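Note that the coordinates shown come from a computational prediction; the quantities given were computed from them, not determined experimentally. Every chain is numbered from 1, with letters handed out A, B, ... down the list of sequences.
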There are 2 protein chains.
Amino acid sequence: MSVTAKRKPGKEEQQFLQGYNIHDYDLPLTSVDLVIFTIRDMSLQVLLVKRGDHPFKGEWALPGGFIDVRHDASLEATALRKLKEKTGVSAPYVEQLQGFGSKDRDPRGWSSTFVYFALISSDDVILQHGGGADDVKWFPLMHNKKLPALAFDHADILDVALLRLRSKVEYTSLPAHLLSKEFTLSELQQVYEIVLGRQLDKSSFRKRIKEGDFLAELAGRQRLGSNRPAQLYALRDGKSPAIFSRLMGN
Amino acid sequence: MSVTAKRKPGKEEQQFLQGYNIHDYDLPLTSVDLVIFTIRDMSLQVLLVKRGDHPFKGEWALPGGFIDVRHDASLEATALRKLKEKTGVSAPYVEQLQGFGSKDRDPRGWSSTFVYFALISSDDVILQHGGGADDVKWFPLMHNKKLPALAFDHADILDVALLRLRSKVEYTSLPAHLLSKEFTLSELQQVYEIVLGRQLDKSSFRKRIKEGDFLAELAGRQRLGSNRPAQLYALRDGKSPAIFSRLMGN
DNA sequence: CCAATAGTGTCTTTTAGACAGTATCGG
DNA sequence: CCGATACTGTCTAAAAGACACTATTGG
């Protein structure tokens, strides 16, 4: 799939382009924001930054920022750059959530944002400040615990991201990206249970996973303990999630 | 869910906003494009416009255009405005597909677009030119028939839209929006078959649909013909699609 | 009565869910 | 041997799929 418009402009169009000045038009502000999820302390957590600049200075917000039209080749490049800046993680699972845009979501004017969500293993993270953030912190997403009020419409965005994550967990292999490279089936089941907020039956869970066929058994590698050792697995195909033909039962 | 940032700026922030000028920054071009699907002549079709302006003048493209920051309240408002301009349809099913953005998808510079897809009944459509379009036409999406080359990266966008539509048809009530208000179960099944490109079993299909519980039987209303008359149905809840717990079988 | 499409019923096969049983480690 | 967790098997109940049968109209 080519992202580029592969063609050379004709003579007439060249003239048009020379007369074209981007600053002659009222453009909306356009940014990229990230909802970064991980599992820590047996709960699903999201990364928030405390804004160091106006507007909403001092308030918590989703990490993100403007597109750098000189250096970013694409929206996803912007998202990955931001992710790297905050977490040090460079090869995560990222997927575009959706765009949000309206005249009053930003006091500076008409604003639109492309929101990505990322699933990363907390093992890989080295939190970093900087880039206009006074603080960076993980916040657990428990049904009882409240988050602080968020800047802009970020609370709404987070809601949508959570809905999307929870719904995709029901029929895809997404949660595997919240674990480190190697993991046991029991660990994977635990992640599913944490995100879904309910217990799953071991036998059916394993049947589903094996059918999904997205895991590779790591021959010889086992997780040891004072019990029967557990087989270690890794994701077979790096990025694209497997899709089950039925939803998770219980 | 509030889309607005409900708060008043503090004194310090007011000063910041006064000194803030949107034109001081290099912003990407931001537009909204539409993939409008309908069923005509027993096939899935998409609406394309022939561009009347540069760039890509004279080439076919998805309908769309820039956000009017003075009149459009939100991205969806822009999408609905464009849809109305081209088709006269004002209350369709619309959903955001995803954003596309890169430095080279538009010869005028860094460009990003929010793409929506709309499902409409061809009965409701009155095609209209204008708004920079030289022509507007429906194109059938058959696996064998080729579309003309499209402007920008619109061919890629259309591919993604088709994938999304086809995948959602497998487990949602979306196709119902491609029919007019009243329809029979056989007509609905036909739409599913057209979009999926395969035959479905009548009995299982009807079981699924009845379970989905998104249709209201229109008491007394029937479609007549030289055969047993068929019960008419309408969508129960206007917009949000029903989601099945399993994929369509065959 | 026939052609045509609507709508239902029944049988078979597959799958899910519950739950108990066996396996294998450290100590 | 015991505690703990990994992993597998079996039974039952429910669902899906195939396919045929009945229903109701116009002509």
Side-chain angles (χ1 to χ4, degrees), chain A residues 42 169-173 176 179 182-194 196-234 242-250, chain B residues 42 169-173 175-176 179-180 182-194 196-234 242-250:
Chain A
M42 301 289 284
V169 164
E170 297 276 1
Y171 64 95
T172 70
S173 61
L179 291 165
E182 305 188 342
F183 49 85
T184 68
L185 292 182
S186 299
E187 287 163 357
L188 184 60
Q189 182 174 346
Q190 211 168 69
V191 174
Y192 272 89
E193 291 175 342
I194 288 171
L196 289 174
R198 66 172 193 268
Q199 299 294 112
L200 299 174
D201 178 78
K202 179 155 56 166
S203 170
S204 337
F205 179 79
R206 288 161 112 96
K207 262 187 242 166
R208 287 180 72 84
I209 297 299
K210 299 232 159 129
E211 274 164 30
D213 194 42
F214 56 91
L215 293 186
E217 196 173 308
L218 299 173
R221 311 261 315 117
Q222 310 202 119
R223 170 97 66 234
L224 303 173
S226 64
N227 48 30
R228 175 168 173 179
Q231 177 61 50
L232 284 170
Y233 292 82
I243 295 178
F244 307 130
S245 62
R246 336 229 151 187
L247 301 182
M248 281 277 154
N250 60 320
Chain B
M42 299 290 286
V169 165
E170 297 275 0
Y171 63 95
T172 70
S173 61
L179 290 166
S180 42
E182 306 188 342
F183 49 86
T184 68
L185 291 181
S186 299
E187 288 163 358
L188 184 60
Q189 181 173 347
Q190 209 167 70
V191 173
Y192 273 89
E193 290 174 343
I194 288 170
L196 289 173
R198 67 172 194 268
Q199 299 294 113
L200 300 174
D201 177 78
K202 181 159 54 164
S203 170
S204 339
F205 179 79
R206 289 161 112 96
K207 263 188 240 165
R208 289 179 71 87
I209 297 298
K210 298 233 158 124
E211 273 164 32
D213 194 42
F214 57 92
L215 292 187
E217 198 174 306
L218 299 173
R221 311 260 315 116
Q222 306 200 331
R223 170 97 64 234
L224 304 173
S226 66
N227 49 29
R228 176 168 174 177
Q231 178 62 50
L232 284 169
Y233 292 83
I243 295 176
F244 307 130
S245 62
R246 335 230 152 185
L247 301 183
M248 281 279 152
N250 60 318

Exercise. Short question: side chain of A:E217, backbone of A:Q231 - any donor-acceptor pair under 3.5 Å?
Worked result: no
For this session: May I ask you to decide if B:E193's main-chain N or O and B:Q199's side chain share a donor-acceptor pair within less than 3.5 Å?
Result: no
Exercise. Can you tell me how far P of C:dG7 sits from CD1 of B:I209, to the nearest Å?
Worked result: 13 Å
Problem set entry | Selected nucleotide, minimal atom distance to B:P229 side chain, candidates D:dT24, D:dA4, D:dA16 | D:dT24
Exercise. Just how far, in rounded Å, is C1' of D:dG26 from CD of B:Q222?
Worked result: 14 Å
For this session: Can you see which heavy atom on B:V169 is nearest to which on B:P175, and at what distance?
Result: CG2-CG, 3.7 Å
Problem set entry | Nearest-Å distance for atom pair CG/C1', residues B:N227 and C:dC1 | 16 Å
Problem set entry | Separation of atom CG in A:L224 from atom P in C:dT24, rounded to whole Å | 14 Å
Problem set entry | d(CD, A:Q231; P, D:dC7) in whole Å | 7 Å
For this session: Report the distance from atom CG of A:L247 to atom P of C:dG17, rounded to the nearest whole Å.
Result: 10 Å
Hey, what are the protein-to-nucleotides 12-15 of chain C N/O distances that come in under 3.5 Å?
none

Exercise. Would a distance-only check, ignoring hydrogens and angles, find a side-chain to backbone donor-acceptor pair under 3.5 Å from A:R206 to A:D201?
Worked result: no
Exercise. Could you give the CD-to-C1' distance, from B:E187 to C:dA4, as a whole number of Å?
Worked result: 15 Å
Seminar exercise, completed: Walking DNA chain D from its 5' end, the first of B:R208 and A:T184 to be reached, judged by nearest nucleotide, is A:T184
Exercise. Is there a side-chain polar atom (N or O) of B:S186 under 4.0 Å from OP1 or OP2 of C:dA6?
Worked result: yes
Below 3.5 Å between N/O atoms, which protein atoms pair up with nucleotides 8-10 of chain C? Just atom names and distances, please.
| residue | atom | partner | partner atom | Å |
| --- | --- | --- | --- | --- |
| C:dG9 | O6 | B:S203 | OG | 2.8 |

Exercise. Salt bridge (Lys or Arg N to Asp or Glu O under 4.0 Å) between B:E170 and B:R208: does it pass, once the steps are laid out?
Worked result: CA-CA 11 Å; B:E170 297 275 0; B:R208 289 179 71 87; over 6 Å; no
For this session: Take atom CD of B:Q190 and atom P of C:dT5, then tell me their distance rounded to the nearest Å.
Result: 10 Å
Seminar exercise, completed: Taking every heavy atom of A:A242 against every heavy atom of A:S173, the minimum-distance pair comes out as N-OG, 2.8 Å
For this session: Classify the ring geometry between A:F205 and A:Y192 as parallel (under 30°), tilted (30 to 60°) or perpendicular (over 60°).
Result: perpendicular
For this session: Apply side-chain contact (heavy atoms from CB on, under 4.5 Å) to A:K207 and list each qualifying residue two or more places apart in sequence or on a separate chain.
Result: A:S203
Seminar exercise, completed: Heavy-atom closest pair (A:L224 atom, A:P229 atom, distance to 0.1 Å) is CD2-CB, 3.6 Å
